[in-house]
Trainee: 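What follows is a structure written as structure tokens; I'll ask about it next.
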Amino acid sequence: MTRITVQLGDITEQQVDAVVNAANSTLLGGGGVDGAIHRCGGPDILAACRELRRTQFPQGLPTGLAVATTAGWLPARWVIHTVGPVWSRREDRSHLLASCYRESLRVADGLGAGTVAFPAISAGVFAWPLDDAARIALGTVSNTPTRVREVRFVLFTPEALEVFAEARARLPQR
Ligand code: AR6
């Protein structure tokens, strides 16, 4: 049974096997979590991302998929990069956001990661409403079979923490 926790913090400081990056399809960096991970993790992460672009993903990493690299100088062993959907008022892209969590856990299982930290994917630059982002995040992780022992949601603001803690509390008793 996977333990699911929520806490306030900076994902770059987490002592876990893998941290998940809310990347974009270029895999070449950006703002938010992505910027922080590349800044704190150093150039090896970007070098690994460039190599992935050259080999596996010349067109970029599609939305909803995930791929792992070294975590460079971070305390974690791996960064799992996933690309969340941009929020749309006209189109329901929830399945793509759910896919980010499922695919990241699948990659974590492939690595043998026992502990994984997630940010609130798509809830920043990509503008997904926080309560819906939390509902999808918690709902998907709790319904995905995985060998990961602990999934830790690391929220950057007290507001995000509160919303994720409420969504966590709404999960069936586990
Ligand atoms: N630790 C944990 N959470 C953080 C941190 C941090 N260090 N920094 C920000 N957050 P975002 P997205 C929160 O924008 O919406 C980038 O440019 C933030 O408060 O990082 O998926 C990429 O390159 C928010 O709640 O990711 C893409 O182009 C959450 O992390 C695009 O942004 C996600 O915000 C991806 O946008």
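In each ligand, atom 1 is the first atom listed, and ligand 1 is the first ligand listed.
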Trainee: Do Glu51 and Thr69 make a side-chain contact, defined as non-hydrogen atoms from C-beta onward lying under 4.5 Å apart?
Mentor: no

Trainee: Holding to side-chain hydrogen bond (donor to acceptor under 3.5 Å, both in side chains), I want the full list of residues that pass it with Arg93, two or more places apart in sequence or in another chain.
Mentor: Glu91

Trainee: In chain order, what residues pass the side chain to side chain contact (heavy atoms under 4.5 Å, CB included) check against Leu46, with sequence neighbours excluded?
Mentor: Leu28, His38, Arg50

Trainee: Check salt bridge (charged side-chain N to carboxylate O under 4.0 Å, His left out) between Arg90 and all other residues, then give those that pass, not counting sequence neighbours.
Mentor: none

Trainee: May I ask you to decide whether Arg135 forms a salt bridge with Asp132, counting only side-chain N to carboxylate O separations under 4.0 Å?
Mentor: yes

Trainee: Extract all N/O-N/O pairs under 3.5 Å that connect ligand 1 to the protein, and present each with both atom names and the distance rounded to 0.1 Å.
Mentor:
{"residue": "ligand 1", "atom": "1 (N)", "partner": "Ile11", "partner atom": "N", "Å": "2.9"}
{"residue": "ligand 1", "atom": "7 (N)", "partner": "Asp10", "partner atom": "OD1", "Å": "2.9"}
{"residue": "ligand 1", "atom": "14 (O)", "partner": "Val125", "partner atom": "N", "Å": "2.8"}
{"residue": "ligand 1", "atom": "15 (O)", "partner": "Ser122", "partner atom": "O", "Å": "3.4"}
{"residue": "ligand 1", "atom": "15 (O)", "partner": "Ala123", "partner atom": "N", "Å": "3.4"}
{"residue": "ligand 1", "atom": "15 (O)", "partner": "Gly124", "partner atom": "N", "Å": "2.8"}
{"residue": "ligand 1", "atom": "15 (O)", "partner": "Val125", "partner atom": "N", "Å": "3.1"}
{"residue": "ligand 1", "atom": "15 (O)", "partner": "Phe126", "partner atom": "N", "Å": "3.0"}
{"residue": "ligand 1", "atom": "17 (O)", "partner": "Gly31", "partner atom": "N", "Å": "2.7"}
{"residue": "ligand 1", "atom": "20 (O)", "partner": "Val33", "partner atom": "N", "Å": "2.8"}
{"residue": "ligand 1", "atom": "21 (O)", "partner": "Ser122", "partner atom": "N", "Å": "2.8"}
{"residue": "ligand 1", "atom": "23 (O)", "partner": "Asn24", "partner atom": "ND2", "Å": "2.7"}
{"residue": "ligand 1", "atom": "23 (O)", "partner": "Asp34", "partner atom": "OD2", "Å": "2.7"}
{"residue": "ligand 1", "atom": "28 (O)", "partner": "Asn24", "partner atom": "ND2", "Å": "3.2"}
{"residue": "ligand 1", "atom": "34 (O)", "partner": "Gly124", "partner atom": "N", "Å": "3.3"}

Trainee: Please indicate whether Arg53 has more than 12 foreign heavy atoms, meaning atoms of other residues, nucleotides or ligands, lying under 6.0 Å from its CZ.
Mentor: yes

